[in-house]
Asks: 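Attaching a single structure in structure tokens format; questions to follow.
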Amino acid sequence: SEILHEERELLKAAPTPLVHDVMSHAFPYLHAALAANAITGNYVSFRLNEQDVIEACEANFGRMDILGNVCDKVLIQEFLRGLEYVVDTMSRDGEHVLAAIWVYAKSCNLENGSITYDNTQLLQATGEIQEQLIDYIISKGGVLDALGIHHGPAHAEIMMTPTGPCLVEVANRMHGCDGPKTAEICTGFGQHQLYADIVFDGHLFDKTSENNDILFKEGDLLDAHELD
């Protein structure tokens, strides 16, 4: 799509590794309906050869999801090997803070090409991998800066490959479903509270920015009102 092309061109101009299109990579490929998400049904699969890709496209074209959207486009990308992580953030006037870091547990069936989400785990923000993810997404010149995301929430999905983090996708929106509330229960505040705070000019964003490096330590539950 034009939006994906524009994002890709912006990221190419920055020192940010990102997933390749299939014209520059060998099989296997990752296949998904372009508008797929966790609510409409991901329909993500991986394909080992050209016939697999053709069959997957034929199965998706014309299919209607639960929201009534008809699939008329599919996305085919390089298959990245490694664990997939999520970085949730909040931005205000170009300043970015961390809201949560998650890791997906998935299973892959080689016989039918299916990829299934098993569970999602909230992680502490300290650690070698976490530091790489944070630097990749919210540091100066990182993904958010490269895409011009200066205000509001962002939800980024990143594969940690043998050569380091590689962006799969990012959207200027909150984590879906119960993600923000789960983070609130575990850490004391969620992405939704940070969003409300910057809208109503509160103080939570400033306190989070000042303490972002200590808020997510393992076993440390912080009540959001303690940041006021």
Side-chain angles (χ1 to χ4, degrees), residues 11 14-19 30 38 78-92 94-108 115-147 149 153-195 197 204-224 226-227:
L11 289 167
T16 306
L18 69 158
V19 64
L30 193 68
E78 165 196 8
F79 178 73
L80 296 174
R81 302 181 188 278
L83 287 177
E84 184 174 5
Y85 293 83
V86 171
V87 176
D88 294 326
T89 63
M90 189 61 58
S91 303
R92 185 188 66 186
E95 181 182 359
H96 314 300
V97 299
L98 177 69
I101 298 180
W102 313 75
V103 61
Y104 287 146
K106 298 181 180 181
S107 58
C108 182
I115 300 175
T116 305
Y117 285 86
D118 292 324
N119 61 75
T120 305
Q121 180 184 353
L122 181 66
L123 301 178
Q124 65 185 93
T126 56
E128 181 180 354
I129 291 179
Q130 292 93 318
E131 290 174 4
Q132 291 184 62
L133 293 169
I134 293 169
D135 183 64
Y136 180 70
I137 297 295
I138 70 177
S139 68
K140 185 175 179 59
V143 168
L144 297 184
D145 284 351
L147 290 177
I149 298 177
H155 175 72
E157 298 182 349
I158 309 104
M159 291 294 293
M160 184 58 73
T161 72
T163 58
C166 183
L167 181 67
V168 175
E169 62 176 342
V170 61
N172 200 180
R173 65 166 177 85
M174 290 200 301
H175 190 127
C177 299
D178 58 358
K181 186 63 178 179
T182 299
E184 178 194 351
I185 293 171
C186 295
T187 69
F189 71 96
Q191 197 178 23
H192 58 304
Q193 293 167 305
L194 284 168
Y195 200 6
D197 183 78
L204 181 59
F205 183 92
D206 292 325
K207 293 295 184 179
T208 304
S209 178
E210 294 170 4
N211 298 279
N212 221 175
D213 59 337
I214 64 171
L215 293 185
F216 298 90
K217 288 185 177 178
E218 187 173 15
D220 180 23
L221 297 182
L222 178 67
D223 199 340
E226 295 179 13
L227 293 175

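Side-chain atoms are counted along with the backbone in the values below, which use heavy atoms only and exclude waters and symmetry mates.
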Asks: Rounded to the nearest 0.5 Å, how far apart are OG1 of Thr120 and OH of Tyr85?
Replies: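 One gets 13.0 Å once the value is rounded to the nearest 0.5 Å.
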
Asks: Quick one: closest heavy-atom pair of Phe189 and Leu204, and the distance?
Replies: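 In terms of heavy atoms, the two residues are closest at CB-CD2, 4.5 Å.
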
Asks: With a 4.5 Å cut-off on side-chain heavy atoms, are Ile101 and Ile129 touching?
Replies: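 Side-chain contact under 4.5 Å: no.
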
Asks: Answer yes or no: does atom CZ of Phe205 have more than 12 heavy-atom neighbours from other residues, nucleotides or ligands under 6.0 Å?
Replies: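 Yes - once you tally the heavy atoms of other residues, nucleotides and ligands closer than 6.0 Å, there are more than 12.
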
Asks: Nearest 0.5 Å, what's the CD1-OH distance between Ile158 and Tyr104?
Replies: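 Reported to 0.5 Å precision, the distance equals 9.5 Å.
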
Asks: Keeping Gln130 on the side-chain end and Gln124 on the backbone end, is there a donor-acceptor pair under 3.5 Å?
Replies: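 Between the backbone of Gln124 and the side chain of Gln130 there is a qualifying donor-acceptor contact (under 3.5 Å).
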
Asks: Return the minimal non-hydrogen interatomic distance between His175 and Val86, and the atom names on each side.
Replies: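 The pair with the smallest heavy-atom distance is ND1-CG1, 4.1 Å.
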
Asks: Report yes or no: does Asn172 contribute a side-chain atom to a donor-acceptor pair with the main-chain N or O of Pro153 at less than 3.5 Å?
Replies: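 Confirmed, Asn172 side chain pairs with Pro153 backbone.
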
Asks: Set out, in order, the CA-CA distance, both residues' side-chain angles and the distance that settles side-chain contact (heavy atoms from CB on, under 4.5 Å) for Val170 and Ile137, then state yes or no.
Replies: CA-CA 10 Å; Val170 61; Ile137 297 295; 5.9 Å; no

Asks: Going from OG1 on Thr161 to CD on Glu84, what distance comes out if it is rounded to the nearest 0.5 angstrom?
Replies: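 Between atom OG1 of Thr161 and atom CD of Glu84 there are 12.5 Å.
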
Asks: Quick one: pull up CZ in Arg173 and CG in Asp88 and give me the separation to the nearest 0.5 Å.
Replies: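 One gets 8.5 Å once the value is rounded to the nearest 0.5 Å.
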
Asks: First locate atom CG of Leu98, then atom CE of Met90, and finally report the distance between them rounded to the nearest 0.5 Å.
Replies: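 The CE atom of Met90 is 11.0 Å from CG of Leu98, to the nearest 0.5 Å.
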
Asks: Report yes or no: does Gln191 contribute a side-chain atom to a donor-acceptor pair with the main-chain N or O of Ala154 at less than 3.5 Å?
Replies: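 Side chain of Gln191 to backbone of Ala154, a donor-acceptor pair under 3.5 Å: yes, one is there.
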
Asks: Please report the shortest heavy-atom distance between Thr89 and Val87, naming the atom on each side.
Replies: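 So the two residues come closest at CG2-CG1, 3.8 Å.
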
Asks: So, taking the atom named CG in Leu147 and the one named CG in Leu167, what distance separates them when rounded to the nearest 0.5 Å?
Replies: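 One gets 7.5 Å once the value is rounded to the nearest 0.5 Å.
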
Asks: What heavy-atom pair brings Cys186 and Leu122 nearest, and what distance separates the two atoms?
Replies: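 Between these two residues, the closest heavy atoms are CB-CD2, 3.4 Å.
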
Asks: Can you name the closest pair of heavy atoms from Gly164 and Gln132 and give their distance?
Replies: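 Scanning both residues, the minimum pair turns out to be CA-OE1, 4.4 Å.
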
Asks: Between the main-chain N or O of Gly190 and the side-chain N or O of Gln193, is there a donor-acceptor pair closer than 3.5 Å?
Replies: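 Yes, because the side chain of Gln193 sits within donor-acceptor range (under 3.5 Å) of the backbone of Gly190.
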
Asks: Can you name the nearest heavy-atom pair linking Ser91 to His96, along with the distance?
Replies: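 Of all heavy-atom pairs spanning Ser91 and His96, the closest is OG-ND1, 2.6 Å.
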
